[in-house]
Amino acid sequence: MTFLENWRTAVGQSILKRKLQKSAISRKTVALDALKSIGLVASGKDAEYEQWTKMTQKVFGTQAKINWLWYSTEKETKLVEGPALVLVDKKSYSFFYQAKPIALDSFNNQKNELILCLDEKPSAVLINFLAQSNAHFRVGYSGMHDHSFELMLDMSAKKTKAHFISEAHKYIKLMNPS
């Protein structure tokens, strides 16, 4: 089973890299004081969704709208998809983990300026969404998926989401002081 999984992931990464080479997505730093929309990308349980939303609002302030790309790990999620929440399920991606156009368009229609990936090791599905997002700036954990982020934070010492969110805020502010 791991051979098939590794093969699917490798083929999916190859497809993604070809897509990225063909498209030109502009990236730039963001000014925190003018930030209108933050996208959070993660997988987890419904309770974590609410907790991480509150943490982000506490650190970044309430002036920015919080949007989500959420991959629920619960069999049945109580969350309801809407403009600010895109739920990812097996219908949202292909066999090779490529984001289907409808799901990717829903995510890009959120018009996120900044995306924070809260998963330490995001799944191939989330990596595909992140890499093809129209966001100006993307932040994630340090790892092998460097084509998906403009800023990668090494969080090996402290692995809490709250620490990651505050560190992301700190480094974005250092890069673009207002």
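- Separating the OG1 atom in T56 from the CG atom in L40 is a distance of 4.0 Å, to the nearest 0.5 Å.
- Neither side chain, N6 nor T9, offers a donor N or O lying under 3.5 Å from an acceptor on the other.
- I38 CD1 to K65 NZ: the interatomic distance, rounded to the nearest 0.5 Å, is 12.0 Å.
- Nearest heavy atom pair, residue K45 against residue W70, reads O-CZ2, 3.1 Å.
- Heavy-atom neighbours of K100 NZ from other residues, nucleotides or ligands within 6.0 Å: above the threshold of 12.
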For the pair N67 and S37, evaluate side-chain contact (heavy atoms from CB on, under 4.5 Å) and give the outcome as yes or no after the intermediate values.
CA-CA 7 Å; N67 296 312; S37 177; 2.9 Å; yes
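- Using a 4.5 Å cut-off between side-chain heavy atoms of Ile, Leu, Val, Met, Phe, Trp and Tyr, with links allowed through other members, I172 and L174 fall into the same hydrophobic cluster.
- For the pair N134 (side chain) and N108 (backbone), a donor-acceptor distance under 3.5 Å is absent.
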Take W68 and T53, measure what side-chain contact (heavy atoms from CB on, under 4.5 Å) needs, and give me the verdict at the end.
CA-CA 9 Å; W68 274 96; T53 301; 2.8 Å; yes
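- Placement of V11 and F95 within a single hydrophobic cluster is found when ILVMFWY residues are connected by side-chain heavy-atom separations under 4.5 Å, directly or transitively.
- Side-chain contact check for I115 versus F107: some heavy-atom pair is nearer than 4.5 Å.
- V30 and H136 get closest at one heavy-atom pair: CG1-CB, 4.0 Å.
- Across every non-hydrogen atom of P122 and L126, the tightest pair is CB-CB, 4.2 Å.
- Using a distance-only test at 3.5 Å, with no hydrogens or angles considered, a donor-acceptor pair links the side chain of K161 to the main chain of L118.
- With a 4.5 Å cut-off on side-chain heavy atoms, S72 and D46 count as touching.
- A side-chain N or O of K19 and one of Q98 form a donor-acceptor pair less than 3.5 Å apart.
- Residues M175 and Y171 form no side-chain contact, since every pair of their non-hydrogen atoms from C-beta on lies 4.5 Å or further apart.
- Checking side-chain atoms of E120 against main-chain N and O of Y141 turns up no donor-acceptor pair under 3.5 Å.
- Taking the side chain as every heavy atom from C-beta outward, V88 and L69 approach each other to under 4.5 Å.
- Between the side chain of D154 and the backbone N or O of S142 there is no donor-acceptor pair closer than 3.5 Å.
- The nearest pair of heavy atoms linking A42 to W52 is CB-CZ3, 3.7 Å.
- The CG atom of L104 sits 9.5 Å away from the CG atom of N128 when rounded to the nearest 0.5 Å.
- Between F96 and W7 the shortest side-chain heavy-atom distance falls below 4.5 Å.
- The two residues Y49 and L85 come nearest to each other via the heavy atoms CE1-CD1, 3.7 Å.
- Between V139 and F164, some side-chain heavy-atom pair lies under the 4.5 Å cut-off.
- In this pair, F60 and H169 present their aromatic rings perpendicular. The plane angle is above 60°, beyond the 30 to 60° band.
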V86 vs E81, side-chain contact (heavy atoms from CB on, under 4.5 Å): CA-CA, chis, key distance, verdict:
CA-CA 6 Å; V86 176; E81 188 162 339; 4.1 Å; yes
Give the intermediate values and the outcome of side-chain contact (heavy atoms from CB on, under 4.5 Å) for residues N112 and R138.
CA-CA 10 Å; N112 296 312; R138 301 161 302 165; over 6 Å; no
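- Here the straight-line distance linking atom OH of Y71 with atom CG of L87 works out to 12.0 Å at 0.5 Å rounding.
- Nearest heavy-atom pair across M55 and I165 is CB-CD1, 4.0 Å.
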